Amino acid sequence: MEKKNKLAILANGLIKENPVLVLVLGTCPTLATSTSVVNGFGMGLSATAVLICSNIVISILRKIIPDSVRIPCYITVIAGFVTIVQLVVKAFAPALDKSLGLYLPLIVVNCIILGRAEMFANKNSVIDSALDGIGMGIGFTFTLVIMGSLRELIGAGTWCGIPVLSRVMPGMSIMTLVPGGFFVYAIVMAFVHYITEDKSKIRDGFGCDGCAIADDCVDGSGCAKEEVA
Amino acid sequence: MAKYVIIIISMVLVNNYPLAQFLGICPFLGVSKDMDSARGMGIAVTFVMVLATAVTWPIQQFLDSKGIGYLQTVVFILVIAALVQLIEMFMKKNMVGLYKSLGVFLPLITTNCAVLGVCISNIDSGYNYPQSLFNAFGAGLGFLFAMIIMAGVRGKLVDQSRIPKSFQGVPIVLLTAAIMSLSFMGFGGMFS
């Protein structure tokens, strides 16, 4: 991999390789926790913390971990950090813990984290990996906050609990429910497709590049590779 | 007996994992391109879910008895990863036919949040052992059900419709899922 400057690594996750909107990773937590701004932000921060820590540790250990058992090793490291985050959130933000519920331990299987470990942290230096973690984390949090804002504004008429639209019109609660999640995600992604000038950067499907287990996968038949339309 | 039937029906229709609870979205969006892989993935997930629950439920009792229940996340994900690996090795050696049809999906299942999700939610909702197994089976069936519907709809979508450029690829699949989950909301409140 060519030498990239530090800022480019940081900005990479935010726009060009936004994990949610461009790489299409981590869809479950994106849909489930973007019901409101606060939930989305909390989820984004938790995942970012895990992502940065696991990227650093995996980058430090990248010469020690044998190639054949690297995925279980990564999962162990990630699960350790997820447990820490889980305990911290439970202790200091019990309300957030309640609203995120099941999705907090499920950060373990968030494909963004395993994907970045496999794609970036095991090939790059510690500082670069940390920056990549920060960039990707911000990209993830940013997307969650945008989606959370849209869903909360239209669904409940509030933003961060402050009444905004609810003075003018009643909220359409469907937006905070499951169908609204899919719908807003589709619209936001289509909008990103629309404004991105360089169409070649857009994945038409769920590429194998982002997949953590691409090596075990038989010519992409297990996963979702779609032909470029 | 009625209790178990209710668990299964509620997991398939009311609390359908991909369409009502946002679990297992990655394979739901990713592998639903054609009917055969959708069916294969659905069956493989059901299989792993039931086995993983069968293994993780007693482990949680053991962890609780030792007072180290907070290790749940670490232990569960490692057990699931090891279990999936074992199943794959066993299938490769003893069930070649089944391995050929389901084998490619197995490595993907480790990182499927629906499997870990069903194990944890069984513990959280306080189900006993047989209830947990039925719950896992129902969740798997619901996943299979959603996968098959999605594959059917997508088969028509790709060939016979003109999709706006920005919506091609992932967004149109998400919109389809939105409409599907809207119709699944109709089952809401059936057994709660």
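In the text below, chain A, chain B and the rest are named by the order of the sequence lines, each starting its count at 1. The structure displayed is predicted, hence computed values, not measured ones.
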Which of the residues [options] is involved in the greatest number of heavy-atom pairs with chain B at under 4.5 angstrom?
options	answer
A:Phe191, A:Phe183, A:Tyr103	A:Tyr103
A:Ala190, A:Ala79, A:Pro29	A:Ala190
A:Asn110, A:Leu31, A:Ile187	A:Leu31
A:Thr83, A:Leu106, A:Ile174	A:Leu106
A:Ile75, A:Leu102, A:Val82	A:Leu102
A:Ile78, A:Thr30, A:Val178	A:Val178

With rounding to the nearest 0.5 Å, note down the distance linking [atom1] in [X] to [atom2] in [Y].
X	Y	atom1	atom2	value
A:Phe182	B:Thr176	CZ	OG1	10.5 Å
B:Tyr17	A:Cys28	OH	SG	11.5 Å
B:Ser166	A:Ile195	OG	CD1	10.0 Å
A:Tyr185	B:Ile25	OH	CD1	10.0 Å
B:Phe22	A:Thr35	CZ	OG1	9.0 Å
B:Thr73	A:Gln86	OG1	CD	4.0 Å

So which of [options] has the biggest tally of heavy-atom pairs under 4.5 Å with chain A?
options	result
B:Gly40, B:Ala177, B:Ser183	B:Ala177
B:Ala20, B:Ala81, B:Pro164	B:Ala20
B:Ile172, B:Asp124, B:Leu175	B:Leu175
B:Phe76, B:Phe167, B:Phe28	B:Phe167

B:Tyr99 atom OH, over 12 foreign heavy atoms within 6.0 Å: yes
Neighbour count above 12 (heavy atom, 6.0 Å) for A:Phe41 CZ: no
Need one label for A:Pro72: side chain, backbone, both or neither, based on atoms under 4.5 Å from any heavy atom in chain B. backbone
Identify which part of [X] has an atom lying under 4.5 Å from any heavy atom of chain A, answering side chain, backbone, both or neither.
X	answer
B:Pro18	backbone
B:Met185	side chain
B:Leu78	side chain

Which atoms form the tightest heavy-atom contact between [X] and [Y], and what is the distance?
X	Y	result
B:Val74	A:Gly80	CG2-N, 4.1 Å
B:Tyr70	A:Leu87	CB-CD2, 4.4 Å
B:Pro171	A:Ala186	O-CB, 3.4 Å

